[in-house]
Amino acid sequence: MTAIAEPTFRESVDLMFNRAVSVMDLSPGLEEKIRVCNATYTVRFGVRLRGRIQTFTGYRSVHSEHMEPVKGGIRYSLAVNQDEVEALAALMTYKCALVEAPFGGSKGGLCIDPRQYEEHELERITRRFAYELAKRDLIHPSQNVPAPDMGTGEREMAWIADQYHRMNTTDINANACVTGKPIHAGGIHGRVEATGRGVQYALKEFFRHPEDIAAAGMEGSLDGKRIIVQGLGNVGYHAAKFLSQEDGAKITAVVERDGALIDDNGLDVDAVRNWIASHGGVEGYADATYVADGVSVLEKDCDILIPAALEAVITLQNAARISTKLIIEAANGPITAGADEILRQKGVLVIPDLYANAGGVTVSYFEWVKNLSHIRFGRMQRRQEEARHTLLVAELERLDRYLGDSWSMTPSFKDKYLRGADELELVRSGLDDTMRIAYQSMREVWHARDDVPDLRVAAYIVAIERVALSYRDKGL
Ligand code: GLU
């Protein structure tokens, strides 16, 4: 038997795009225009480190400028290459369109293993990379707004923002040049947890639709569901934490770089995360069974599988052996196009990446708006809201006294009702609303049309239609 070759990541995204446009009514010219990446910039720069000049290669790809700024993270990994950055930029276009974040798609990457460098070295490398991008407007509040991705976080975003400030000292909107910054450097509450929180909200919305639960061969709610998570980084950790601590789900396995931990009664996510932070991996953790061949644990029986690490982890090689009912793609591109087909034939339901991990860019959008408006969310209305609530509570207290023993206010009501929403609550509310509405827009297309086999095709159709409308309105 000849082995069927696995497509590259970008080819995989194109195949998924093609499957959607094959059931759409777009002109071939527009179809091509939307699919291709507009530009990919490659930069090579030297930094003097440890007594010698080291040369680094970085990329920033702009997939679609139907809306500007374009948006997308910057990844630090040795696996970064042009094909990957272009695939990720394309996904950003569709992701933003699906959740109605008013951006085009972009992505950046630096070919580096950040663990090999000291903090001060990483700062110099990041500032130099930011300089190269900013001088070409590839970092710019109204043209291109990066964010964290794999291997980067608040710290790198603060360096990038500061570098941009230094280069644009009179730009009053300079803070909006990058999102995912620390709070004291213009960030927003809830951005760090946002992608994981979005995965939780996505699953909660899925479980509000009995027809969809049945389509996955499941029943009930998240309570008691057995979940396997691959990758306990920022996204996987927050998703696993919220699902287990707030929704009653059990994290029965965690798959990491150096192996997997299994506990059918449910792992303590915080304890595992702390162990990884102090030991560099999961091996040696006492309260679970350790399996050295971590990837094989993806095939273990469970209700929900959450790949939250790399792309292409469910492939033609292992797709047939995956033993779950539902996969939610917290990572970008964890299922290859070929594996997607196998899973569909097996009846495994997939909640696709462009929807499932859109929580990050959604809260980035809120941060960008906050930076442009120069005021924290809730600052004007919070106390006014509290004052109005106080009036109502005073009336209820009067009623309470008047009715005597026959009625009294629930003790916690007063405190809960009186408190005006702070920024974190507003961010979570905006994210929850976004995830619900985007899910509903996908499922409507999925259920309304016989030629739409799954949520992924539906998600691409919704997103591509919006991008196409925007190009048409511009008079392309
Ligand atoms: N890197 C994240 C993603 O892949 C976030 C992008 C952003 O916030 O712009 O969606």
Side-chain angles (χ1 to χ4, degrees), residues 9 13 59-64 67-77 80 84-110 133 138-154 156-158 160-161 175-182 186-188 190-199 201-202 231 233-236 238-239 307-311 328-334 352-371 427 430-431 434-435 438 459 463:
F9 189 8
V13 172
Y59 305 89
R60 186 79 181 160
S61 176
V62 175
H63 175 260
S64 174
M67 281 196 188
E68 285 181 306
V70 293
K71 190 91 190 73
I74 290 184
R75 173 175 290 203
Y76 281 8
S77 150
V80 160
E84 181 192 64
V85 168
E86 291 188 352
L88 291 165
L91 280 174
M92 284 310 301
T93 296
Y94 309 132
K95 197 185 297 191
C96 291
L98 185 63
V99 294
E100 297 177 284
F103 303 125
S106 183
K107 201 79 174 199
L110 186 64
L133 296 179
L138 290 160
I139 297 177
H140 191 287
S142 58
Q143 292 195 38
N144 198 325
V145 182
D149 199 79
M150 201 183 291
T152 58
E154 289 187 324
E156 287 74 16
M157 301 307 117
I160 293 173
N175 254 351
C177 75
V178 66
T179 57
K181 302 177 292 291
I188 193 167
R191 176 60 184 86
V192 176
E193 66 168 41
T195 314
R197 187 60 84 181
V199 171
Y201 288 160
N234 184 42
V235 180
H238 283 104
L310 290 167
E311 58 260 22
I328 177 158
E329 295 182 310
N332 286 307
D353 48 6
L354 62 158
Y355 166 68
N357 66 39
V361 76
T362 300
V363 177
S364 275
Y365 168 39
F366 302 155
E367 179 176 335
W368 182 72
V369 170
K370 175 185 178 180
N371 294 152
V427 162
L431 176 59
T434 303
M435 297 309 288

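Start at 1 and go down the list; that is how both ligands and their atoms are numbered.
Heavy-atom contacts from other residues, nucleotides or ligands closer than 6.0 Å to OH of Y365 number 12 or fewer.
Which parts of ligand 1 touch N332 is read off a 4.0 Å heavy-atom cut-off, strictly below it: atoms 4 (O). Numbered from 1 in the order shown, with element, the atoms of ligand 1 that lie under 4.0 Å from a heavy atom of V361 read 7 (C), 8 (O), 9 (O). Ligand 1 places these atoms under 4.0 Å from at least one heavy atom of G73: 1 (N), 6 (C). Remark: ligand 1 atoms within the under-4.0 Å shell around heavy atoms of M92 are 3 (C), 4 (O), 6 (C), 10 (O). Listed by number with element, the atoms of ligand 1 under 4.0 angstrom from any heavy atom of K95 are 3 (C), 4 (O), 10 (O).
In plain terms, the two heavy atoms of P307 and P334 that are nearest each other are CB-CB, 3.7 Å. A pairwise comparison of heavy atoms in A356 and I328 identifies CB-CG1, 3.5 Å as the closest pair. Heavy atoms only, all atoms of each residue included: N357 and A331 are closest at ND2-O, 3.1 Å. Closest approach of K181 to G186, counting heavy atoms only: CE-O, 3.4 Å. Residues K107 and V85 approach most closely at O-CG1, 3.4 Å, considering heavy atoms. Here the shortest heavy-atom pairing between A147 and S364 reads CB-OG, 4.1 Å.
Residue, atom and distance of the protein heavy atom nearest to atom 4 (O) of ligand 1 are K107 NZ, 2.8 Å. Protein heavy atom in closest approach to atom 5 (C) of ligand 1: R191 NH2, 3.6 Å. The nearest heavy-atom contact from the protein to atom 1 (N) of ligand 1 is D149 OD1, 2.7 Å. Nearest protein neighbour of atom 9 (O) of ligand 1, counting heavy atoms only, is K71 NZ, 2.9 Å. The closest protein non-hydrogen atom to atom 8 (O) of ligand 1 is S364 OG, 2.6 Å.
If you check each of G72, G360, P148 against atom 2 (C) of ligand 1, the one with the closest non-hydrogen atom is P148. Ranked by closest heavy atom to atom 7 (C) of ligand 1, the top entry among A147, P69, A101 is A147.
Of the N and O atoms on the side chains of S142 and H140, at least one donor lies less than 3.5 Å from an acceptor on the other residue. With no hydrogens or angles considered, no side-chain donor-acceptor pair links T93 and S64 at under 3.5 Å. Side-chain atoms of T152 and R75 include no donor-acceptor pair closer than 3.5 Å.
Not a single heavy atom of M150 sits closer than 4.0 Å to an atom of ligand 1.
Remark: ligand 1 and N357 share no N or O pair separated by less than 3.5 Å (distance only, no angle test). In terms of polar-atom proximity, defined here as any N/O pair under 3.5 Å, T179 makes no such contact with ligand 1.
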